[in-house]
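Read through the structure below, which is laid out as structure tokens, and then see the notes.
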Amino acid sequence: MTREHQGETRGWAAARKGVWSWLRFTSLRLRLVLVFGLVALTAAVSASGIAYWLNREAVLTRTQDAVLRDFEQEMQNRAGALPEHPTQDELQHTAGQMANSSQRFGVLLAGENADGKTVYGSSGGLGGFALSDVPESLRTAVNKEQKVTSANKHAYHLYWQRMSDDGTPYLVAGTRVIGGGPTGYMLKSLEPEAKDLNSLAWSLGIATALALLGSALLAQALATTVLKPVHRLGVAARRLGEGKLDTRLRVSGTDELADLSRTFNSAAENLEKRVADMAGREQASRRFVADMSHELRTPLTALTAVTEVLEEELEYEGEGEGGSFDPMVEPAVRLVVSETRRLNNLVENLMEVTRFDAGTARLVLDDVDVADQITACIDARAWLDAVDLDAARGIHARLDPRRLDVILANLIGNALKHGGSPVRVSVTRADDEIVIRVRDHGPGIPEDVLPHVFDRFYKASASRPRSEGSGLGLSIAMENAHIHGGGITAENSPEGGAVFVLRLPQDPSPPVEDDAGDGAHGGDGEGSADDGSRGKDAKGRA
């Protein structure tokens, strides 16, 4: 893949990440806008619907009442003046006169002439208003004679009905002349009123749309006002999570968001105080361990010299050349020699741990042949007979020889002491890494112990608290691997035994000088393992 293509891929990934980030940030904003919009839309539609319905009923009722009142008056004045048996011409003339009233409606009059034949007169002539234009139900109601009572003083009444023809609304009504006479029907177009109502509907629709738009803009502005403090709170929380404990929010106002900001500032301040207190205690603890280790080195140097003399005396006595030790005292002398060596190793390990904790441990890199380095480590500790090495010469890497020796001594010594012989060490190269595997043939590591094998002072068996190891060896090995940019893993082999895998980069960067070298784990490597054991057999794993 070319650099240009890689750059385009990274740019696209960054842009996509930015888009998703923006969407995540605005999700609450969008919900606020949608909620405001739905509320505004519901309110506007409800108000517009109610206003339209009220205005529609008012307009139609006003027009209807005026038309019916005028029609009823015309029926009484003009149709009531016709003879009982009018001719068609009389009906036609009267219908024309009635249609010329102020309401301008169509009129149809029906009556019986002197021969008993039904004749009609329409205001629109032969092609005008006809009886077929009147609904059947309305005609039946108009011609139905009702019983005259005290509550109902007339046998016939005025009836009306709204209908639509080809999309045009009409008002049709009918009645009979009281006391005998023709039957009259009226047809009034409501198209002007319908146009007025359509104009009203359009106006209400435009007002609803404007209200919706205004509510969206208002919601956007409100969301920005509300979410800006929330966004600042999120940024501050991320900065606090990154370790910037002096992060604080600017507080303004007395609302809930201001209270939230004050709560955040108070929590951040308390957290900063607690972290500072813990850091101070941790630093004091590290300083105490470092000072204690340094102070112990002087008496330990004297004790080591004395124990070396005692050890030589024991070996001299063991050769049968005579000695000064009482048989009852000899076990105590051997215990003093062993425990002094163990205490010396523990102090050296503690000093090394304090360097890692303080961040002062540094690398002194050199070009190292890995196979030669492993061979030197094994030979210096007399492990040649117990270790099977599978490493080809010529595998080079830039490593710190002293720290690599510490790692190897701890891993191989741990396998010899707690695993089972033979211990096999193999070296391979994978990509830009050096992979060193140390496998033993022991019972393996219990599953509940595996996650803790690199913990400091961890021992698998609580019944052996005074084992020779201090529980720091594997931890120091892991720290030395980390400072190289590598790591160590532990697992059980399917074929039995434990396998420790060390991975180190061939060229750690950047190389720096060691400013804390004081000889810890140095020299010929004696004591680089957790307890400096030279043993080859093992019965358990700590």
**Message:** In the structure I gave you, are the side-chain heavy atoms of V438 and L502 within less than 4.5 Å of one another anywhere?
**Reply:** no
Can I get a per-line list of side-chain donor-acceptor pairs under 3.5 Å for residues 168-183, giving both atom names and the distance, sequence neighbours left out?
{"from": "T175", "atom 1": "OG1", "to": "H157", "atom 2": "O", "distance (Å)": "3.4"}
{"from": "R176", "atom 1": "NE", "to": "T183", "atom 2": "OG1", "distance (Å)": "3.3"}
{"from": "R176", "atom 1": "NH1", "to": "Y156", "atom 2": "OH", "distance (Å)": "3.4"}

Name every donor-acceptor pair, under 3.5 Å, that has one atom in a side chain of residues 233-251 and the other anywhere in the protein, sequence neighbours excluded.
{"from": "T247", "atom 1": "OG1", "to": "K244", "atom 2": "O", "distance (Å)": "2.7"}
{"from": "R248", "atom 1": "NH1", "to": "L245", "atom 2": "O", "distance (Å)": "2.9"}
{"from": "R248", "atom 1": "NH2", "to": "E272", "atom 2": "OE1", "distance (Å)": "2.7"}

**Complete:** Heavy atoms of P451 and E447 approach each other most closely as CD-O, 3.4 Å
**Minimal non-hydrogen separation, S122 against A95, with atom names** = C-CB, 3.9 Å
**Complete:** Closest non-hydrogen contact found for I407 with A477 is CG1-O, 3.7 Å
**Prompt:** For the side chain of S123 and the backbone of V107, is there at least one donor-acceptor N/O pair under 3.5 Å apart?
**Reply:** yes
**Prompt:** When you measure from the side chain of D133 to the backbone N and O of F129, does any donor-acceptor pair fall under 3.5 Å?
**Reply:** no
**Request:** Look at the side chain of N113 and the backbone N and O of G116, then say whether any donor-acceptor pair between them is shorter than 3.5 Å.
**Result:** yes
**Prompt:** Any side-chain heavy-atom pair from L131 and Y120 closer than 4.5 angstrom?
**Reply:** yes
**Interatomic spacing from CD1 in I434 to CZ in R398 - rounded to 0.5 Å** = 13.5 Å
**Asked** Which is it for L109 and M75 under the side-chain contact (heavy atoms from CB on, under 4.5 Å) test, yes or no, and what are the steps along the way?
**Response** CA-CA 10 Å; L109 296 177; M75 285 292 295; 4.0 Å; yes
**Request:** Could you walk me through whether D65 and T61 pass side-chain contact (heavy atoms from CB on, under 4.5 Å), step by step?
**Result:** CA-CA 6 Å; D65 291 345; T61 300; 3.4 Å; yes
**Prompt:** Under 6.0 Å from the CD atom of E57, do we count more than 12 heavy atoms belonging to anything else shown?
**Reply:** yes
**Prompt:** Of all heavy-atom pairs between M163 and P135, which one has the smallest distance, and what is that distance?
**Reply:** SD-CG, 4.0 Å
**R162, CZ atom: more than 12 neighbouring heavy atoms under 6.0 Å** = yes
**Message:** A quick test of your reading: do over 12 heavy atoms of other residues, nucleotides or ligands sit less than 6.0 Å from CG of N198?
**Reply:** yes
**Request:** Using modelled atom types only, decide if a donor and an acceptor are shared between the side chain of N414 and the backbone of N410 within a distance under 3.5 Å.
**Result:** no
**Atom pair CD1 (I445) and OG (S493), whose distance is rounded to the nearest 0.5 Å** = 11.5 Å
**Asked** Donor-acceptor pair, D400 side chain versus V364 backbone, under 3.5 Å?
**Response** yes
**Request:** State whether the side chain of K188 and the backbone N or O of G106 hold a donor-acceptor pair below 3.5 Å, judged by distance alone.
**Result:** no
**Asked** How long is the gap from CE on M98 to CG on L91, to the nearest 0.5 Å?
**Response** 10.5 Å
**Request:** Give, for atom CZ of F105 and atom CZ of F71, the distance between the pair rounded to the nearest 0.5 Å.
**Result:** 6.5 Å
**Message:** When you measure from the side chain of S215 to the backbone of L212, do you find a donor-acceptor pair of N or O atoms at a distance under 3.5 Å?
**Reply:** yes
**Prompt:** What closest approach, in Å, do R439 and G496 show between heavy atoms, and which atom pair accounts for it?
**Reply:** NH2-O, 3.3 Å
**Item:** Side-chain heavy atoms of L404 within contact of L399, under 4.5 Å
**Value:** yes
**Pairs touching residues 71-86 that satisfy side chain to side chain donor-acceptor pair (under 3.5 Å), sequence neighbours left out** = E74-R78, R78-Q97
**Request:** Not counting sequence neighbours, which residues clear salt bridge (Lys or Arg N to Asp or Glu O under 4.0 Å) with K273? List them please.
**Result:** E269
**Message:** If I compare all heavy atoms of L108 with all of A130, which pair ends up nearest, and what's the gap?
**Reply:** CD2-C, 3.5 Å
**Request:** Please determine, by modelled atom types, if D70 and S101 share a side-chain donor-acceptor pair under 3.5 angstrom.
**Result:** yes
**Fill in**
Sorted by chain and number, sequence neighbours left out, salt bridge (Lys or Arg N to Asp or Glu O under 4.0 Å) with D259 holds for R262
**Item:** Over 12 foreign heavy atoms within 6.0 Å of NE2, H452
**Value:** yes
**Request:** Please lay out, stage by stage, how F500 and L474 fare under the test side-chain contact (heavy atoms from CB on, under 4.5 Å).
**Result:** CA-CA 10 Å; F500 286 81; L474 290 179; 4.1 Å; yes
**Complete:** One should read off an interatomic distance between R139 CZ and Y185 OH, to the nearest 0.5 angstrom, of 7.0 Å
**Request:** Could you grab the distance from atom CG of L68 to atom CD of Q103, nearest 0.5 Å is fine?
**Result:** 9.5 Å
**Request:** Any chance you could lay out the side-chain contact (heavy atoms from CB on, under 4.5 Å) test for Q506 and E433, step after step, and finish with the verdict?
**Result:** CA-CA 5 Å; Q506 284 190 273; E433 286 185 331; over 6 Å; no
**Message:** Once side-chain contact (heavy atoms from CB on, under 4.5 Å) is applied, do any residues pair with S426, and if so which ones, sequence neighbours excluded?
**Reply:** D390, R437
**T94 side chain reached by Q92 side chain, heavy atoms, under 4.5 Å** = no
**Prompt:** Any side-chain heavy-atom pair from P86 and E112 closer than 4.5 angstrom?
**Reply:** no
**Message:** Measuring only between side-chain heavy atoms, which start at C-beta, is L60 closer than 4.5 Å to L190?
**Reply:** yes
